[in-house]
Amino acid sequence: MKSISNNRFFLQKFHIKHFLINHKKTVFFIFSLFLIAFFVLLNFLSGKENQRNTYDNDTQLYFDNYANNLFKEEISSDALSAHFYLLDPESMDIDNIPQSLGTYSYDAMLESQQYLIEEIETLQSFEYEKLLSSQQMTYDILLEYFRDQLDFADLCLCSEILSPTTGLQAQLPILFSEYSFNCKADVENYLRLLNDVKNYFSQICDFQRVKAENDCFISDFCCDGIIAQCQSFINTDSITDNVLYTSFVEKISEADYLSDDEKNNYVAHNKELIEQSVIPAYSLLIDTLTELKSKGYCKNSNGLYYLENGKNYYEYLVKNYTGSSSSVLELKSGIQNNLMDDIRTMYSLLTVSPELEDQFYDNPQNSLAPEEILSDLNQKTKEDFPITSNMNYTVKYVDQSLQDYLSPAFYLSPPIDSDSNVIYINNGKNSDNQDLYTTLAHEGIPGHMFQYSFFASTNPLPIRQLINYGGYTEGWATYVEFMSYFYEHSNGQLAQALACSASYSLALYSLCDIGVNYEGWTLKDTKDFLSTYNLADENVCESIFQAVVEEPANYLQYYVGYMEICNLKERLQKELGEEFDLKKFHEAFLSIGPASFDVVNKWIMHAYSK
């Protein structure tokens, strides 16, 4: 059976905070085209006879077996996936994991279509009416997911794993630095994976050549950005300054199961592999992109609209990223309406309280430490969210060699048999104007970290953890980020103004995303559009244009997800009237877990009534 992840799990571990270039307000980024997300592991059922006692019929038993087998195959696709999602795969009867980073190839992408067809046929062989309600929800999610992915094979040349800020080459150093050493085998497996980096990057370079030959290569400014990011990572004064060396030494020093000689040998081997595999891999990527650019393959410096099948690919991206069944133009209309609502709200606030304008621009940055902010959020959000206990987490800071290219903050989800959450904060120059309070609301509580922890506590079917919907996860984090202004500020009018400003900025970016990638806006068109909203700074406009070219549909999963959650809440408020309870709505939404909004709308009342 082929993997639905196509071995592109890397980015899926990240929940990333992006910055709006022209504003102190921020938005957040995606994970990938169709990468899997793992949150929790349900213990595999042991023994068929024992299993039968927990089900009403064989269909329910066979469905769970199918789900568990699919989960097991996915988690076994490569060693880095297995390690990051399970501290102890063998305890779950998962072994014989290939000690490599996996395969990234054009042929594998083409073959994914047949795999999806087979999975759809298998899924449809189950009698839906005989399944448990939780299984029916899983069935709905899987069937829709498999169907939505069918188009990828025909459109994959438009896909991209590289980008200056969120590409694999930017995030892989973080994943390696976070690779935990729980035993001697972990250290040895880590070194094997480090040795495979050059091979994996070689596959990525081969795919870039295929893209170039088919006139689907990246823009010149995106190419320059990736090259600059790679150079920044490898051009340290010494190998011993590289984050893969310093993080390795730190972890090895704490490995009390190793002798001093073993530690020294492993440190030397790690240094050797950085020199012989990692740096050559990044150099190969630099050389490949430089060569393709010099040969004139950076033919398109505009959006997907100008690529063959680019418009169709954008429709595919939007549907899969947002989880919304609305067409691109329907989403555009909804975003425009929300944008006008924000403008009217801001006008009304400033008319009633003109002093808000000075407060808005003079609003000082929160001086609390990250841990203090998260503690504050944990207390203040209990009335609105089902928060019952403190979560285990660590706040870390992005290595200096990565600061200029990684996002202002991101959440790294823990292995599914662990609760060791990690939130990274970037103290680089691009993060100077970020509101750390709302950032941590997005990444931590009640955002991604709480969302992850709550869904894990519901013990869902394991197959549920194989499917990611950015609109659901990033929409939630954006929704609570906007709410967090009211937790941060005692002045309700100021909080509302700040939330409206953040929503307004994200809506503008989303409209530019659609305009550039779906309607064919050029840089001039984008500047003309932004000028109608009093954004005339040339550098800002160009930065926005480049951002949506480099990350098509990026901003939509945040804004459309947020918009869909608000629409869902308004519908339930109308249906339930005085019986509507905000905290109960949040609990019901989180208990459903990642899904398209059609599925969420179908099952929300079932979850709400529990």
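Between F585 and F589, the ring planes lie tilted relative to each other; the angle falls in the 30° to 60° range. Below 30°, between 30° and 60°, or above 60°: for Y608 and F580 the angle between ring planes is below 30°, a parallel geometry.
Between K380 and E488 there is no salt bridge, since no side-chain N of the basic residue sits under 4.0 Å from a carboxylate O of the acidic one. Salt bridge present: E519 and K332 bring a charged side-chain N and a carboxylate O closer than 4.0 Å. Between R571 and E575, at least one side-chain N (NZ, or NE/NH1/NH2) sits under 4.0 Å from a carboxylate O, which counts as a salt bridge.
Formation of a donor-acceptor pair under 3.5 Å by the N567 side chain with backbone atoms of M563 is found in this model. Distance alone, capped at 3.5 Å, is enough to place a donor-acceptor pair between the H586 side chain and the D384 backbone. In this structure a side-chain-to-backbone donor-acceptor pair under 3.5 Å is present from S505 to S501. Between the N421 side chain and the N392 main chain, a donor and an acceptor come within less than 3.5 Å of each other.
Pairing each heavy atom of P386 with each of K583, the nearest pair is CA-CE, 3.8 Å. The minimum heavy-atom distance linking E564 with S326 is given by the pair OE2-OG, 4.4 Å.
Inter-residue side-chain proximity for F597 and S325 is flagged as unmet; no heavy-atom pair is nearer than 4.5 Å. For the pair N320 and Q149, the minimum side-chain heavy-atom distance is below 4.5 Å. Proximity of V328 to Y314: side-chain heavy atoms (C-beta onward) are separated by under 4.5 Å at one or more points. Counting heavy atoms from C-beta on, the side chains of W521 and N302 never come closer than 4.5 Å. Counting only heavy atoms from C-beta outward, the side chains of Q169 and I226 approach each other to under 4.5 Å. Looking at D435 and T438, their side chains come closer than 4.5 Å, going by heavy atoms from C-beta outward.
Each of F454, Y452, F385 was compared with W476 under the ring pair (Phe, Tyr, Trp, His ring centres under 6.0 Å) criterion, and only F385 meets it.
Pairs of residues two or more places apart, or lying in two chains, that qualify as side chain to side chain donor-acceptor pair (under 3.5 Å) and include a residue from residues 343-354 are D341-R344, S353-Q493.
For the 3.5 Å distance criterion, the side chains of Y518 and E315 qualify, holding a donor opposite an acceptor.
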Using the rule given for side-chain hydrogen bond (donor to acceptor under 3.5 Å, both in side chains), can you reason through W603 versus D140, listing the C-alpha separation, both sets of side-chain angles and the distance that settles it, and then say yes or no?
CA-CA 10 Å; W603 288 96; D140 291 344; 3.0 Å; yes

